[in-house]
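In what follows, a single structure is set out as structure tokens and then discussed.
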Amino acid sequence: MALLIGCKKIKTAVFISGNGSNLKALIKFSKLKKSPISINLIISNNAKSKGLNYSSIYKIKKKIFDFENKNLAEKKILRELKKEKINLICLAGFMKILSEKFIKNFKGKILNIHPSLLPKFKGLNTHRRAIKNKEIYSGCTVHFVNSKLDSGKIILQKKVKILKNETPKSLSKKILVQEHKLYPKAIIKIFRH
Ligand code: GAR
């Protein structure tokens, strides 16, 4: 029975570039009965991503694609996603911008987590910019991916207070803890019905 339920889960690929702490949180979540997704593929643009280690730890297929030639990389990725019958993509610290063409192929089926309260601080160096801007709060956002950077429909956000003497490093640490909870919650929210 458990196996049968497992089969019905939405086959998901997680795209990473670095540490993969969000990937780990998503894998742990995917193993819960209440999870609507299974993680079937890990994709990275960076062979040195620490997060790729979760492939052997959790026995999940991994593939690395060189984005030097983005067009070719995306074509190969699409082929792989088809082969594995992937139905959902979770970007989790994936630091490459996907083309409009790629996104169209997975319309409404790509999610991203971003370490700010969007629409504030799209792009890079979010924590440094939030502190410099003297924001009282920052946080994280899970959103659908569209062709404009960090601009798709917001699914869920979590606020985090910026304390006096906060550094980009301390803020990043606090926000990451929240990211690990927010991504699974956002996935539950979109597949609730
Ligand atoms: C996370 O904070 C994620 O929100 C951010 O990179 C970090 C990856 O950490 N993503 C972006 O900045 C995307 N623009 P992780 O590799 O430990 O999950």
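Order of appearance sets the numbers: ligands from 1, and atoms from 1 within every ligand.
Inspection of the Lys122 and Ser151 side chains reveals an N or O donor paired with an N or O acceptor under 3.5 Å.
Under a 3.5 Å cut-off, the side chain of Thr12 and the backbone N or O of Ile10 do form a donor-acceptor pair.
A search for salt bridge (charged side-chain N to carboxylate O under 4.0 Å, His left out) contacts involving Glu84 returns Lys61, not counting sequence neighbours.
Of the charged side-chain nitrogens involved, none lies within less than 4.0 Å of a carboxylate oxygen, so that Arg129 and Glu135 do not count as a salt-bridged pair.
In this structure, Lys159 forms a cation-pi arrangement with Tyr137, its terminal cationic atom sitting closer than 6.0 Å to the ring centre and no more than 45° off the ring axis.
By the 30° and 60° cut-offs, the orientation of the rings of Phe102 relative to Phe106 is parallel.
The residues lining ligand 1, counting any heavy atom closer than 4.0 Å, are Asn19, Gly20, Ser21, Asn22, Gly93, Met95, Ile113, His114, Pro115, Leu176, Glu179.
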